[in-house]
Peer 1: 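Have a look at this one before I ask anything.
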Amino acid sequence: MSVHRDDRRLTAPDIRARKGGVPVAMLTAYHAHTAGLVDKHCDVMLVGDSLGMVMHGLETTVPVTLDMMILQGLAVMRGSRRALVVVDMPFGSYEASKEQAFHAAARVLKETGCGAIKLEGGVRMAETIAFLVQRGIPVMGHVGLTPQSINTLGSFRAQGRDPADWAPIEADAKAVADAGAFAVVLEAIAEPLAAKITREVAIPTIGIGASAACDGQVLVLEDMLGLSPRVPKFVKRYTDLGPAIERAVAAYAEEVRARTFPGPDNVYSVKKPG
Ligand code: KIV
């Protein structure tokens with residue numbers, strides 16, 4: 001179901017107003033062409049720093065740079081018209097100070113034309129989020145599993161599976177909401193905790209591995225299309241494009257070698273004179 005009602009692009013306040021209403025459908029997009037497809041059906045497109053792993057074969061998101069995010073953010077903006085485009089702030093571009101975060105986020109907004117940025121971290125980032133929001137930069141938060149912290153976390157593990165660990169995750173989500181974020185991603189969080197946070201915060205929670213209790217959902221597009229070789233438990237593959245692409249590529253290579261491609265339909269003939 002598409003909830004787009006007119007031709008104007010959705011804004012951060014539009015998404016903020018969806019708390020407790022029709023769930024927010026969000027997917028990642030990194031290219032103009034796929035952005036055009038996602039734009040027809042989703043409310044929000046995230047130019048996620050997962051592009052480092054998906055597009056560049058990196059092991060983690062840590063090496064992703066601001067220039068990489070801006071380049072793909074521009075492509076997604078060019079390919080879309082209606083969804084709110086949110087661009088991830090990459091590791092190292094915003095954590096040192098709120099001023100560093102402002103300069104980097106302002107570059108993202110000015111150079112891509114996107115409508116909001118996303119950054120990871122709860123209590124520790126609350127002051128920065130407030131600083132950005134007060135200066136005109138809409139912020140989506142991201143708590144629970146925060147992949148940019150992989151080197152301190154040690155592994156990509158689900159969070160809050162023991163109720164004894166709930167308090168700091170709840171505090172993170174509340175801090176992000178109180179700081180003025182318009183929505184918060186809850187990543188890889190046990191279902192009852194995600195439901196509790198969704199009840200407790202006034203902004204939409206967008207789940208990825210955090211259950212249908214959230215106010216919306218996000219997945220990495222390539223994961224749900226069956227293009228990623230390994231996916232976490234929380235991903236549902238809606239189709240399996242990997243084998244279909246491989247079959248097409250194999251057929252193409254075979255036809256090239258057999259000289260059956262290009263065929264008569266794929267060549268230019270000489271124009272008839274007159
Ligand atoms: O980078 C990304 O794709 C993300 C989603 C997993 C939420 O942050």
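Everything quoted here is computed from the prediction, not taken from an experiment. Counting starts at 1 for both ligands and their atoms, following the listed order.
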Peer 1: If only atom types and distance count, is the side chain of Asp178 paired as donor or acceptor with the main-chain N or O of Ala175 below 3.5 Å?
Peer 2: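 No; judged by distance alone, with no hydrogens or angles, the pair does not exist.
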Peer 1: Which is it for Val220 and ligand 1 at heavy atoms under 4.0 Å: side chain, backbone, both or neither?
Peer 2: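 Side chain only.
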Peer 1: Measuring from atom SG of Cys42 to atom CD of Gln217, what distance do you get when rounded to the nearest 0.5 angstrom?
Peer 2: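 Cys42 atom SG to Gln217 atom CD measures 11.5 Å (nearest 0.5 Å).
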Peer 1: May I ask you to list the atoms of ligand 1 that are less than 4.0 angstrom from any heavy atom of His142?
Peer 2: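 The atoms of ligand 1 under 4.0 Å from a heavy atom of His142 are 8 (O).
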Peer 1: Under 4.0 Å from any heavy atom of Gly48, which atoms of ligand 1 are there?
Peer 2: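 Per the distance check, 1 (O), 2 (C), 3 (O).
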Peer 1: For the residue pair Val86 and Val44, establish whether any side-chain heavy-atom pair is separated by less than 4.5 Å.
Peer 2: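 They are in contact (side-chain heavy atoms under 4.5 Å apart), so the answer is yes.
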Peer 1: Could you say whether the N/O atoms of Ser50 and ligand 1 ever approach to under 3.5 Å?
Peer 2: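 Such a contact does occur with ligand 1.
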Peer 1: Counting non-hydrogen protein atoms only, what is the nearest one to atom 6 (C) of ligand 1? Give residue, atom name and distance.
Peer 2: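 Atom 6 (C) of ligand 1 sits closest to the protein heavy atom Ile208 CD1, 3.5 Å.
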Peer 1: Per the ring pair (Phe, Tyr, Trp, His ring centres under 6.0 Å) rule, what does the pair list look like for residues 222-274, sequence neighbours excluded?
Peer 2: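 Those involving residues 222-274 are Tyr252-Phe261.
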Peer 1: For atom 5 (C) of ligand 1, tell me which residue out of Leu46, Asp223, Val218 has the closest non-hydrogen atom.
Peer 2: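 Minimum heavy-atom distance to atom 5 (C) of ligand 1 goes to Leu46.
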Peer 1: Looking only at distance, does Glu187 have an N or O less than 3.5 Å from an N or O of ligand 1?
Peer 2: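 No, since none of the N or O atoms of Glu187 sits under 3.5 Å from an N or O of ligand 1.
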Peer 1: Do the charged groups of Asp39 and Arg82 touch, with an N to O distance under 4.0 Å?
Peer 2: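 Arg82 and Asp39: not salt-bridged.
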Peer 1: Pull out every atom of ligand 1 sitting under 4.0 Å from any heavy atom of Asp88, numbered as shown with elements.
Peer 2: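 In order of numbering, the contacting atoms are 1 (O), 2 (C), 8 (O).
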Peer 1: Do Leu109 and Cys114 touch side chain to side chain, with heavy atoms closer than 4.5 Å?
Peer 2: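 Counting from C-beta outward, Leu109 and Cys114 do come under 4.5 Å.
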Peer 1: Short list, please: which atoms of ligand 1 are under 4.0 Å from a heavy atom of Thr28?
Peer 2: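 Going through ligand 1 atom by atom, the ones under 4.0 Å from Thr28 are 3 (O).
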Peer 1: Looking just at side-chain N and O atoms, do Arg9 and Ser80 make a donor-acceptor pair shorter than 3.5 Å?
Peer 2: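 There is such a pair between these side chains.
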Peer 1: Looking only at heavy atoms, is any part of Asp49 under 4.0 Å from ligand 1, and if so is it the side chain, the backbone, or both, or is it neither?
Peer 2: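 For Asp49, the contact with ligand 1 is made by both the backbone and the side chain.
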Peer 1: Is it the side chain, the backbone, both or neither of Leu51 that has a heavy atom closer than 4.0 Å to ligand 1?
Peer 2: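 None of Leu51 does.
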Peer 1: Do any pairs count as a salt bridge (Lys or Arg N to Asp or Glu O under 4.0 Å) and have a residue in residues 154-170, sequence neighbours left out, and if so which ones?
Peer 2: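 Pairs touching residues 154-170 that pass the test: Glu170-Lys196.
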Peer 1: Using non-hydrogen atoms of the residue, decide whether Lys118 is closer than 4.0 angstrom to ligand 1.
Peer 2: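 Flag set, Lys118 near ligand 1.
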